[in-house]
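Here it is: the structure, laid out below.
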Amino acid sequence: MIKFCDFFNVEFPKETKVKFNMNAGNLNEPAWDFLKEDDGTSEYQRWIDMNAHKKKQPNNNLNHAKYLLAFAQYYPLGPQYYVFGGMYEIDKILPEVFDTVGYKLTLLDNYEAYRRRLIIKLKRPIGRDIYNKRYFSVQPDLDPEIYEILPNRAIEDFPGFNNVLLTHKQLQDIFNNEAPEWKRQLSSVKGVYCITDTSNGQLYIGSAYGNYSGIWQRWSAYANVNNLTGGNKAFEELKCMGANYIIDNFTYSVLEILDPRTADQVVIARENHWKKVFKSKKFGMNEN
């Protein structure tokens with residue numbers, strides 16, 4: 001077992017704070033959802049802002065610290081697990097402000113190889129949405145230990161059909177690595193799915209039927225970076241928006257799953273039902 005302070009043997013412990021982020025006050029916006037996005041995206045900026053937020057209470061801000069070790073709760077494993085989000089240099093924004101972003105954080109190279117990969121386990125759940133600690137008090141208070149180092153790009157566990165919501169980059173990771181549990185689950189069912197263009201809110205309702213590999217087979221066409229459209233005419237028309245438009249804006253979710261023995265016409269009927277529910281022919285990307 002490797003202790004937290006043995007692994008993160010920082011040069012200036014008295015000037016270093018450790019921040020454990022859960023959700024910044026909104027249970028529907030967990031910190032890990034923002035940290036796992038690519039640097040430079042608006043989602044990742046939410047992660048930075050979460051850490052740079054400044055309150056008046058000294059125990060809840062980064063005053064008197066020059067460096068920050070930031071962590072996000074890794075909820076796929078449970079409330080006591082946190083994934084490393086980077087080491088940052090802290091600069092106070094002047095004139096001083098409160099209850100908003102109050103610091104400029106600069107990502108350092110220290111421990112860069114472990115960012116988004118290293119998971120620590122605390123001896124107990126914290127019970128707060130954000131928890132600041134001075135470096136030298138973390139070990140005696142929470143007794144964290146190094147739990148796991150994930151592959152270079154982590155693939156989350158299959159969350160259940162009702163909770164599937166993938167960005168295109170996540171979709172690529174799953175199919176490029178043929179993630180076993182994802183493949184087993186998505187191959188086991190026919191079903192109706194929804195593709196959302198997050199730039200404008202338009203929906204496309206599709207279905208997976210036939211006799212081969214269910215939703216897995218259908219989504220494999222969308223994950224192909226050499227195509228991206230899956231042969232969909234409406235998506236082909238989006239190519240004029242730029243090569244990365246689909247990658248940057250599309251998300252994928254499951255609306256309804258059906259037994260693999262379900263007749264194709266029944267699956268298509270369910271697809272048409274969902275098109276009516278969301279009016280995706282009138283307001284979305286379905287042409288028929």
Side-chain angles (χ1 to χ4, degrees), residues 4 8 10-12 15-76 79 81-120 122 126 128-135 138 144 149-150 152-154 156 165-170 173 198-199 244 247-249 251:
F4 176 90
F8 291 100
V10 298
E11 187 174 0
F12 303 103
E15 297 178 313
T16 301
K17 272 201 164 184
V18 185
K19 198 166 189 177
F20 299 95
N21 300 277
M22 287 181 243
N23 54 62
N26 188 336
L27 294 175
N28 296 316
E29 296 186 347
W32 170 236
D33 284 1
F34 301 125
L35 171 60
K36 66 185 178 184
E37 297 298 331
D38 290 341
D39 296 356
T41 62
S42 58
E43 290 83 2
Y44 178 74
Q45 187 61 45
R46 294 285 301 279
W47 159 254
I48 296 296
D49 293 348
M50 186 181 296
N51 283 280
H53 194 86
K54 185 175 184 179
K55 295 185 177 181
K56 288 187 177 181
Q57 299 91 335
N59 290 336
N60 288 329
N61 64 38
L62 301 179
N63 282 4
H64 311 300
K66 186 64 178 174
Y67 304 100
L68 171 67
L69 293 170
F71 292 81
Q73 187 181 62
Y74 193 66
Y75 57 78
Y81 298 86
Y82 285 77
V83 61
F84 178 54
M87 185 171 185
Y88 299 85
E89 186 173 8
I90 303 166
D91 289 297
K92 186 188 298 183
I93 291 175
L94 296 174
E96 196 168 21
V97 294
F98 297 100
D99 297 321
T100 186
V101 173
Y103 306 94
K104 177 186 176 183
L105 301 182
T106 302
L107 182 64
L108 301 176
D109 291 336
N110 307 55
Y111 312 104
E112 172 63 20
Y114 300 100
R115 193 162 68 106
R116 300 189 179 103
R117 298 179 58 210
L118 179 79
I119 296 176
I120 64 172
L122 311 183
I126 291 173
R128 300 183 191 175
D129 55 0
I130 290 180
Y131 194 51
N132 279 323
K133 294 292 293 183
R134 292 188 178 276
Y135 170 83
V138 168
I149 297 177
L150 299 171
N152 279 331
R153 190 170 180 118
E156 293 186 38
L165 179 60
L166 299 171
T167 65
H168 197 281
K169 290 175 182 177
Q170 291 171 323
D173 287 343
T198 60
S199 72
N244 290 327
I247 293 174
D248 292 340
N249 293 294
T251 63

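Heads up: numbering here begins at 1 and tracks the sequence. Since we're looking at a predicted model, the values are computed, not measured.
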For the OG1 atom of Thr198 and the NE2 atom of His168, what is their distance to the nearest 0.5 Å?
12.0 Å

Output for pair (Asp173 CG, Thr167 OG1), nearest 0.5 Å, gives 8.0 Å

Search all heavy atoms of Lys17 against all heavy atoms of Ala65 and return the closest pair with its distance.
CG-CB, 3.9 Å

With a 3.5 Å distance limit and no angle check, can you tell me whether Lys54 reaches the backbone of Asn63 through a side-chain donor-acceptor pair?
no

Flag side-chain contact, heavy atom, 4.5 Å: Asn132 against Lys55:
no

Could you walk me through whether Met50 and Phe34 pass side-chain contact (heavy atoms from CB on, under 4.5 Å), step by step?
CA-CA 10 Å; Met50 186 181 296; Phe34 301 125; 3.8 Å; yes

Taking all heavy atoms of Arg116 and all of Trp32, pick out the closest pair and write down the distance.
O-CH2, 4.1 Å

Pair Glu89, Leu107 - check side-chain contact (heavy atoms from CB on, under 4.5 Å), show working.
CA-CA 7 Å; Glu89 186 173 8; Leu107 182 64; over 6 Å; no

Does CG belonging to Asp109 count more than 12 external heavy atoms closer than 6.0 Å?
no

Assign the ring pair Phe71 / Phe20 to parallel, tilted or perpendicular, where the plane angle (0 to 90°) is split at 30° and 60°.
parallel

How many angstroms lie between CD1 in Ile126 and OH in Tyr131, if you round to the nearest 0.5 Å?
7.0 Å

Donor-acceptor check, side chain of Asn23 to backbone of Glu29, threshold 3.5 angstrom: yes or no?
no

Checking ring-ring contact (aromatic ring centres under 6.0 Å, His included) between Phe8 and each of Tyr114, Tyr135, Phe84, which is the one that passes?
Phe84

How close do Tyr103 and Leu62 get, counting heavy atoms only, and between which atoms?
OH-N, 3.0 Å

Does Lys19 use its side chain to pair, donor to acceptor, with the backbone of Asn51 at less than 3.5 Å?
yes

Looking only at heavy atoms, the pair that brings Thr16 and Val10 closest together is OG1-CG2, 4.0 Å

Could you check whether any side-chain N or O of Gln73 sits under 3.5 Å from a backbone N or O of Pro79, counting only pairs where one atom can act as donor and the other as acceptor?
yes

Nearest-0.5 Å distance, NZ of residue Lys36 to CG of residue Asp33:
4.5 Å

Check: Leu105 and Ile90 side chains under 4.5 Å, non-hydrogen atoms
yes

Heavy-atom side-chain contact between Arg134 and Val18 under 4.5 Å
no

List the steps and the verdict of side-chain contact (heavy atoms from CB on, under 4.5 Å) for His53 and Ile130.
CA-CA 10 Å; His53 194 86; Ile130 290 180; 5.9 Å; no

Spatial distance of atom CD (Glu11) from atom OH (Tyr67) [nearest 0.5 Å]:
7.0 Å

Looking at Arg46 and Glu43, does any basic side-chain N land under 4.0 Å from a carboxylate oxygen?
no

Rounded to the nearest 0.5 Å, what's the gap from CH2 on Trp47 to CG on Leu35? Could you check?
5.0 Å

Please report the closest heavy-atom contact between Asn249 and Ser199, naming both atoms and the distance.
OD1-CB, 3.5 Å

